Structures are given as structure tokens and as C-alpha cells.
Number of protein chains: 2
Amino acid sequence: MRSYDQYCAAAKALDVVGDRWTLLIVRELLIRQPCRYTDLQYGLPGIATNLLADRLRQLEEHGVITREVAPPPVATTVFRLTPRGEALQPVLAALGEWGVPLLQEGSDQAVFRSHWLALPLGHLRDHAPEHPPVTIEVRTADQPMLVRTVDGKVVVEPGTDPRADATITGSPPVVLELFLGGVDLETAQAQGLVLEGDAAAVARIAPHPDFDTAT
Amino acid sequence: MRSYDQYCAAAKALDVVGDRWTLLIVRELLIRQPCRYTDLQYGLPGIATNLLADRLRQLEEHGVITREVAPPPVATTVFRLTPRGEALQPVLAALGEWGVPLLQEGSDQAVFRSHWLALPLGHLRDHAPEHPPVTIEVRTADQPMLVRTVDGKVVVEPGTDPRADATITGSPPVVLELFLGGVDLETAQAQGLVLEGDAAAVARIAPHPDFDTAT
DNA sequence: CAGCATCCGCTTTGATACTG
DNA sequence: CAGTATCAAAGCGGATGCTG
């Protein structure tokens, strides 16, 4: 990207991460830290392979990511954020928060990847951290995800758990509306979300229902 | 901009503000709210006039800014952020914070506009709000700026004040280093910064000197 | 003069094909 | 798997011209 040549911190930041796709690459790495080239391609549907290669090179030059050639057993390259790259998390968080209202319009033909749930759900809190941790399996797109409470926080990872406290199945819009606070559980169910198991587990992490550990 | 077509809040946000120049236009409007077309051009050195017009149209369509045709006495168009547009402030703040380390390298031929001081200085706090407010005149680029304490916060506006508690003169790098906490006042002076008046006034707002109201 | 629109050369991006 | 190569299309930058 051609520099803005402005002595302004925001402009300098955009000189580095203002290119098309760049911040989305950082998003992928924030979600699933050690990442192979093909993992990135999968998490960035629509990116051209030459652009991905270009951007990775630029990010490496700017000290945002590192490229590690793994030893023979795996024999692959893994990309990782440097501390400087992880410091971009607040930027992605701010952008994500601002973009939430835009999810409602035109859910048309937009692609969704289950692991993207980690970004908005990572900001949720366990409303009853003194209770035993809960696990919720969320089935909404390419792969099932496990949403678990850990030390009052919420972690998201791919996987299945037959002993999960609850299992949620639904389209990405309904699932996200539930976890972003747009609707309560009943409304989500009326809109096609299917819940199996303990509704209280969902209430533990869903936003501002004031009946925390009810049921 | 072509949409990323991803059902992800951050990607949707970038669909709207991810274009080149777009976030810098928002920066300008965050700093000096009602803005004319030519004011924007001045605050965005290097932008092509057709791009500015394009971006303003897109931002208007997306509900980020409004265009008001002022009544005959002034006979000009003024651009303003909507509440939705002002909600982008955290995005610019996060970008700016991340970009601070980039200011040190290549201060080469980068352009500077004094009113940009408002962004980083707006995050400073008055360390002694119980004392009477202070005013500092900062002369560093195209126009003198007044930095004043108001209710524990710091406001920045263009202007001159012969009765300012202190006057600071210096290049943008030295002035910013001082106010961003890179160096203390003595070091800044050794690097060419000229202070006239009360050093304590500067200490009131400069970051983490633990001698707050000293002298 | 303020607020654009048009034109044109250059750069970036997107899509696909191909390679160590 | 991790890219490079190629090429058409879109976007950008700079200059200039037009209109109230």
C-alpha cells in the first residue's frame, strides 16, 4: 500500500494494516493462533492466493506475524502473531462491535465459518462463575464448536462433546442474535433455533438476561 | 469497495469503512465536527478530489455522515458525523494507539496538521483537576493550538492566547513525544523543544510524571 | 471560490492456472 | 502444502474542466 505520508498514528497504522484483507488475516490468527497457509485460505473465503502471499510477506516485514518452518515430522509452515500483532486485538474488537448492526441487513449470501464465533463470544462473561463450569455445543455451520466457561470467561474451540450441558443448533444469524443480545432464548427458538439440554447453561453466558441462574 | 461477503461483524464493518481514505475522513470529522469539503481536503493531504467526493457519498449512503446544505448567508455544504459515525471513535482510538510506535521511524517527509493533536491529547487527563484550569499554547505546524483543561479532561482547539500559562514550540515529533509519554520535559527541551511560561502547567497533563503539581 | 465530474495512466486486486 | 505466474478488471492518483 502506498503510504499516506501523514505524521499521525492512525494513518501510520493504516499504512501497515489498511490494505484490503490485511485486518481479516489478523482476525484469523487472533482466533486460531498457529495457522497454516491453507487454514488461512479456508478462513478467508474469497481471497486470491497471490494476495494472501503478498499480505503475509508484508505483515512479516512489519513485525506483525512470524513464519516458522516446522521441523520434518510435520514439514509445514506455520504463521503466528507476534506480540505486536496480538496488540491489534482492540482494533478488531472495536471494528467488530461497530459492525454488529450490519449483520442484520443482507445476510444474503455471506459465507460463515464456525470458528468466527470465537470473536464475539470471547467478550462474553460467565454470569455464575462460582458454579461448576458449563459446556455448550454449538452447531451452526461448517463444524461444531464447543463453548465453555473457564474462570468466569468464555472460550470457544472446535469439537464435540456428548456430555455437553446443552446443544444449540441453528443458522448463524439466529445463533449470533442469541449471543449478541438481540433476542432472548424463547424468541431465538421461535426463529428456528433448536436447544437440547439445559437452558440454564445458555443463560450463564448469554447477555443481560437478569434471571442468571434461573430454571 | 467490493464486499467481503462474510457473515462476520468485523468484515461487515470493513465493507463500510475499509476503503482507502475512509477512516481518515472519519478521523477529520471526529476532530472538527462541522466540516466543509475544502476543510476535509486540507486535513487529508494527498487525497484526490474525486475520491473524496466518492467516499463522502458512500459514507452518506451508509448513514455514517450527513450532508447539510447551509442556508444562503454561508452558502456552503457542511459534513457532519451521525451518531453512528461518532461510534467509530473507538476504532480510530485503537488504531491510533497501535500506530504510536510507528511514529518514531521515518518521520521523513510526512505531513503534519496541528489539529491532529486533538486525537492523542484528547485521551490525556488533568492530573490536578482541583486546581484552576490551565491553558497551553502549542506551536508546532500550520497553526497554533490551545490545549486547555476542562473538568479533568483535555480539550484541543485552534487559537492563540497571550495569557496562556505556557507556550510550547517545537517540531511535531518532539511535541508528540512529550505528550505521548516517550520523554519527560527536560529531555524534550534537550531535543529542541522550547518552553515559555509555567512548566507545572505542562506537567498537569503530560503522562505519568509522578511529580504532578510540583515546582 | 466551493464542490464536484471527467479523463487518463498507473497500481492493485481477483480469478485461474501452474509448480517445487 | 505453499506458494509463483499470468492477465483482465477494478481502483487509485493527478490533472484539468465545469458549474452554481
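Protein chains get the first letters and strands the later ones, always in sequence-line order, with residue 1 at the start of each. Note: hydrogens, waters and symmetry copies are ignored here, and every other heavy atom, side chains too, is used. Every value quoted in this text rests on a predicted model; they were computed, and no experiment measured them.
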Roughly, in whole Å, what's the span from [atom1] in [X] to [atom2] in [N]?
{"X": "D39(B)", "N": "dA2(C)", "atom1": "CG", "atom2": "C1'", "result": "10 Å"}
{"X": "L59(B)", "N": "dG3(C)", "atom1": "CG", "atom2": "P", "result": "16 Å"}
{"X": "D54(B)", "N": "dC12(D)", "atom1": "CG", "atom2": "C1'", "result": "10 Å"}
{"X": "L14(A)", "N": "dC12(D)", "atom1": "CG", "atom2": "P", "result": "14 Å"}
{"X": "L52(B)", "N": "dA2(C)", "atom1": "CG", "atom2": "P", "result": "13 Å"}
{"X": "D15(B)", "N": "dT13(C)", "atom1": "CG", "atom2": "P", "result": "15 Å"}
{"X": "L56(B)", "N": "dA5(C)", "atom1": "CG", "atom2": "C1'", "result": "14 Å"}
{"X": "L24(B)", "N": "dC12(D)", "atom1": "CG", "atom2": "P", "result": "13 Å"}

Give a yes or no answer on whether the side chain of R204(B) reaches the backbone of T149(B) with a donor-acceptor pair at less than 3.5 Å. no
Report yes if at least one side-chain N or O of R67(B) is closer than 4.0 Å to OP1 or OP2 of dC4(C); otherwise report no. yes
dA2(C), OP1 or OP2 - any side-chain N/O from T76(B) closer than 4.0 Å? no
Reading DNA chain D from 5' onward, which residue's closest nucleotide shows up sooner: T38(A) or M1(B)? T38(A)
For the student: nearest non-hydrogen atoms of M1(B) and L14(B), plus distance: SD-O, 3.3 Å
Report the C-alpha distance between V154(A) and R148(A) in whole Å, list the side-chain angles of each, state the deciding distance to 0.1 Å, and finish with yes or no for side-chain contact (heavy atoms from CB on, under 4.5 Å). CA-CA 6 Å; V154(A) 174; R148(A) 296 185 299 115; over 6 Å; no
What nucleotide among dC12(D), dT4(D), dT13(C) has an atom nearest to a side-chain atom of R55(B)? dC12(D)
Looking at dG3(D), dA5(C), dC1(D), which one has an atom nearest to any side-chain atom of A53(B)? dA5(C)
Please verify the inter-ring angle class for W21(B) with Y4(A); under 30° counts as parallel, over 60° as perpendicular, anything in between as tilted. perpendicular
Could you tell me how the ring of F79(B) sits relative to the ring of Y37(B): parallel (under 30°), tilted (30 to 60°) or perpendicular (over 60°)? tilted
Sequence-aligned protein contact record of nucleotides 13-20 of chain D, with B where the base is within under 4.0 Å of a protein heavy atom and S where only the sugar-phosphate is: BBBB----
Is E137(B) paired with R139(B) through a side-chain N to carboxylate O contact shorter than 4.0 Å? yes
Pick one: which of L88(B), T82(B), L81(B) meets side-chain contact (heavy atoms from CB on, under 4.5 Å) with R84(B)? T82(B)
